[in-house]
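Notes follow once the structure below has been shown.
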Amino acid sequence: MGFDVASLRAGGFDDYALVRSGLFNSTQLRTVGCDIQRIALMALFEALDGKHWRHKENWASATQPIGHWYGVHLDGAGHIYKLDLRSNG
């Protein structure tokens with residue numbers, strides 16, 4: 001018996017837990033609407049103690065698109081191509 005993303009989400013697993021589980025590849029996660037880029041940015045924010053950054057405008061926002069987060073640059077397809085977090089010590 002296997003697991004599927006939709007069933008685990010319905011059972012209360014959030015997107016972050018699904019990504020960290022390693023049970024699914026990025027295509028499977030994107031198919032059910034997981035925002036992998038947002039999850040990766042949040043992991044970076046937490047790992048680098050983002051709550052103490054000098055410039056953290058919109059970071060960790062559940063409502064702001066990631067393109068509005070300070071220092072995040074997206075290409076025309078909405079993929080992150082650059083992070084510029086200088087002067088954020």
Side-chain angles (χ1 to χ4, degrees):
M1 178 177 178
F3 295 104
D4 68 87
V5 177
S7 295
L8 290 174
R9 281 176 118 193
F13 285 86
D14 64 16
D15 290 353
Y16 187 65
L18 292 172
V19 169
R20 291 187 49 104
S21 75
L23 295 171
F24 308 101
N25 64 42
S26 60
T27 301
Q28 291 169 308
L29 293 167
R30 275 195 302 273
T31 299
V32 295
C34 288
D35 189 344
I36 295 170
Q37 292 187 122
R38 180 180 296 270
I39 292 167
L41 289 172
M42 285 305 304
L44 178 76
F45 184 76
E46 291 170 9
L48 298 178
D49 199 24
K51 65 183 176 185
H52 293 109
W53 290 353
R54 191 171 304 145
H55 301 285
K56 57 182 179 269
E57 294 82 13
N58 295 322
W59 276 81
S61 170
T63 58
Q64 288 294 320
I66 61 174
H68 292 171
W69 294 14
Y70 177 84
V72 177
H73 300 270
L74 306 179
D75 63 18
H79 300 116
I80 299 166
Y81 74 89
K82 177 180 172 183
L83 290 177
D84 185 357
L85 301 174
R86 288 178 278 186
S87 302
N88 235 2

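The structure displayed is predicted, hence computed values, not measured ones.
- Counting all heavy atoms, side chain and backbone alike, N88 lies closest to H55 at OD1-N, 2.6 Å.
- Distance CG/L48 to CG/L85: 8.0 Å, rounded to 0.5 Å.
- K51 approaches K56 most closely through the heavy-atom pair O-NZ, 3.1 Å.
- Proximity of a side-chain donor or acceptor of W69 to a complementary backbone N or O of W59 within less than 3.5 Å is not detected.
- Between the N58 side chain and the H68 main chain, a donor and an acceptor come within less than 3.5 Å of each other.
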Can you give me every donor-acceptor pair (side chain of residues 70-82, partner residue at least two apart or in another chain, under 3.5 Å) with its distance?
from	atom 1	to	atom 2	distance (Å)
D75	OD1	A77	N	2.9
D75	OD1	G78	N	3.0
D75	OD1	H79	N	2.9

